[in-house]
J.: 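Mind looking over this structure? Questions follow.
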Amino acid sequence: MSKPISYAVSHATRVPPPMAMLAELTHRCPLACPYCSNPIELTRAEEELSTGEWIGVFEQAAKLGVLHLHLSGGEPAARRDLVELTKAAASFGLYTNLITSGVGLTEARIAGLSDAGLDHVQLSLQGVSREGADRISGYRGGYDRKMAVASWVTAAGIPLTVNAVCHRQNMDQIDDMIDLAIGLKARRIEIATVQFHGWAERNKAALLPTRPQVERATNTVAEARRKYEGTIEIDYVPADYHSSYPKACMGGWGRVGLNVTPSGRVLPCHAAETIPSLSFENVRDGSLARIWYESDAFNSYRGDAWMPELCRSCERKNVDFGGCRCRAMALAGDASATDPVCVRSPLRDGLTEDTDRLLALSSADLVFRGR
Amino acid sequence: MTEAPAISRSSVVKLARGVRLRKDAVRGQLVLLAPERAMALDETAVRIVQALDGERTLYRIADDFAAEFEAPAEEIANDITIFIQQLAARRMLDFAE
Ligand code: SF4
Ligand code: SF4
């Protein structure tokens, strides 16, 4: 009767239209999370797309076939035109999702967003206690603000998802995170294991969860799913470093989604700028449709022609598309290598050894963003 | 309307806020949009979703369909309940008592 929308790939020469767009409205953010995945070099406020430019991009996206629009950052609430942008996006029929830390949102602003037609809010939590959360986010008062924001959002009737990044220091509190989310009347919780892109790379030793932690987390999640079915939906993204196969990157490079940076560069993935051989086009210079269908950056890793033989001859290539290009770049020094997380990669043993070495360190200090 | 987990034929439901049916002109289909989710619905599913008015029970809806399509209400009620159960598990519905 219903099926999640997906597309048969591989030999298909026709590129499907994108389903989702992540609009990084700004890189400005009052928080300082040590696992921030934004690039080390941030876009300055003066370079951000204007209100009119963003609205133009949303309109193009809707025409191109985008269904979900994620309004993200940095902290999107740092944009003074957030309500106006939301209203415009909703008027094009886009499903609008605000991904926020909560800081910068007031009750009045949430009412404004609700009236503008905001469909959904994803609120990040950095911990389950005031003390713990504010230590990780490096922002005092952040936790209390989040609790207030959650209550304003649900009182306005907007569905709420709580986002929690789990890592070595909080991995054993997954139960508490779920309880907190239920207490906040969230309909969903997304528990994602930290990924090491951007700033987070610097904190690998302090954040990488241990194997027993990962096993416990898997059990906790399975149990909670049974217990809370119909009360809260639990999405869990396990740690890649402990998996045998990589996950499909964003559902496959240039297949499902695209990102627009604060200054208008269009990326196949959040971390794509770490691949030095690629250059990215800007919505200020060309249409979104042309960039999606024709630009080199998007076409570089579509299909299987770019793949090493290992992946091209592997039956999982239609499942994971050879894994993450950015991680191949970071760990293999070659963006078209097989993802080193894959058990078939010649680099996998080395990765396991490196991981073990990091896990053996009993403590490591966190380096906070921007402090 | 409050949230309640268990679905039965006497449930009265409607789509929760943040869940909506939309025409997807680019792909020529109707899609049900929810947080992080897009489902392409076939005609039957579309009819069911459109029938969720927050007033009729699922059985009543099945009964109305049965009259319209001259099919056994029992079977239709079964199909509807299974489909609705999936939506409920994903918190895509609001319930009335
Ligand atoms: S290429 Fe890697 S970093 Fe980029 S979206 Fe895919 S999985 Fe994530
Ligand atoms: S060899 Fe390539 S395609 Fe096969 S599982 Fe590994 S990463 Fe995926």
Side-chain angles (χ1 to χ4, degrees), chain A residues 1-7 16-20 61-70 90 92-99 114 117-122 153-154 156-163 182 185-190 225-235 251 256-257 289, chain B residues 1-8 11 13-52 65 75-76 78-95:
Chain A
M1 239 181 260
S2 69
K3 53 178 178 3
I5 301 180
S6 64
Y7 296 90
M19 305 274 303
K63 288 206 177 113
L64 191 56
V66 167
L67 299 173
H68 282 95
L69 173 67
H70 305 286
F92 303 130
L94 292 165
Y95 188 99
T96 50
N97 174 31
L98 179 68
I99 302 177
S114 179
L118 184 66
D119 286 299
H120 179 229
V121 171
Q122 268 177 279
V153 166
T154 53
I158 308 173
L160 174 71
T161 290
V162 162
N163 283 3
I182 293 173
K185 300 206 182 101
R187 282 193 213 165
R188 289 174 66 247
I189 180 168
E190 260 183 46
R225 276 193 183 136
R226 275 195 297 278
K227 190 161 150 205
Y228 297 122
E229 203 204 359
T231 302
I232 193 163
E233 190 187 1
I234 303 171
D235 270 3
V256 178
Chain B
M1 294 241 161
T2 58
E3 314 104 22
I7 285 284
S8 75
S11 302
V13 300
K14 63 171 190 177
L15 292 184
R17 171 148 180 206
V19 182
R20 52 192 171 85
L21 191 62
R22 215 200 89 175
K23 195 164 146 213
D24 175 0
V26 173
R27 299 174 191 79
Q29 58 189 7
L30 282 166
V31 286
L32 190 63
L33 297 179
E36 303 290 326
R37 194 168 258 131
M39 293 158 98
L41 301 187
D42 67 16
E43 254 173 72
T44 319
V46 168
R47 288 294 306 266
I48 298 174
V49 167
Q50 285 169 339
L52 304 177
F65 281 158
E75 237 168 70
I76 300 184
N78 253 341
D79 288 354
I80 294 184
T81 313
I82 292 168
F83 177 55
I84 293 302
Q85 191 82 58
Q86 292 171 13
L87 301 186
R90 294 169 183 159
R91 291 295 318 267
M92 289 164 74
L93 301 173
D94 275 346
F95 290 76

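Chain A is the first sequence line, chain B the second, and so forth, proteins listed ahead of strands; every chain is numbered from 1.
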J.: Pick from Ala62(A), Gly65(A), Ala20(A): which one has the most heavy-atom pairs with chain B under 4.5 Å?
T.: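 Looking at each option in turn, the highest pair count goes to Gly65(A).
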J.: What is the minimum heavy-atom distance between Leu67(A) and Ala38(B), and which atoms define it?
T.: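 Nearest pair, atom of Leu67(A) first, then Ala38(B): CD1-CB, 4.0 Å.
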J.: Checking Leu94(A) against chain B: side chain, backbone, both or neither under 4.5 Å from a heavy atom?
T.: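 Contact with chain B involves the backbone of Leu94(A) alone.
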J.: Just so I understand: if I count every heavy-atom pair under 4.5 Å between each of Asp119(A), Thr96(A), Asn97(A) and chain B, which residue has the most?
T.: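 It is Asp119(A).
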J.: Report which part of Arg22(B) has an atom under 4.5 Å of a heavy atom belonging to chain A: side chain, backbone, both, or neither.
T.: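 Arg22(B) touches chain A through side-chain heavy atoms alone.
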J.: The criterion is ring pair (Phe, Tyr, Trp, His ring centres under 6.0 Å); which residues satisfy it with His120(A), sequence neighbours excluded?
T.: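 For His120(A) there are no ring pair (Phe, Tyr, Trp, His ring centres under 6.0 Å) partners, ignoring immediate neighbours.
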J.: What pair of heavy atoms forms the shortest contact from Pro35(B) to His68(A), and how long is it?
T.: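 Of all heavy-atom pairs spanning Pro35(B) and His68(A), the closest is C-NE2, 4.5 Å.
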J.: Just give me the residue among Gln122(A), Lys63(A), Arg187(A), Glu190(A) that pairs up with chain B most often, heavy atom to heavy atom, under 4.5 Å.
T.: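 Counting heavy-atom pairs under 4.5 Å, the top option is Arg187(A).
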J.: Do you know which two heavy atoms are closest between Met92(B) and Ala34(B), and how far apart they sit?
T.: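 So the two residues come closest at CE-CB, 3.8 Å.
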J.: With only heavy atoms counted, which part of Ile158(A) is less than 4.5 Å from chain B, the side chain, the backbone, both or neither?
T.: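 For Ile158(A), heavy atoms of backbone and side chain both lie under 4.5 Å from chain B.
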J.: Might you point out which heavy atoms bring Pro159(A) and Gly18(B) nearest each other, and give the distance in Å?
T.: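 Closest approach of Pro159(A) to Gly18(B): CG-CA, 3.7 Å.
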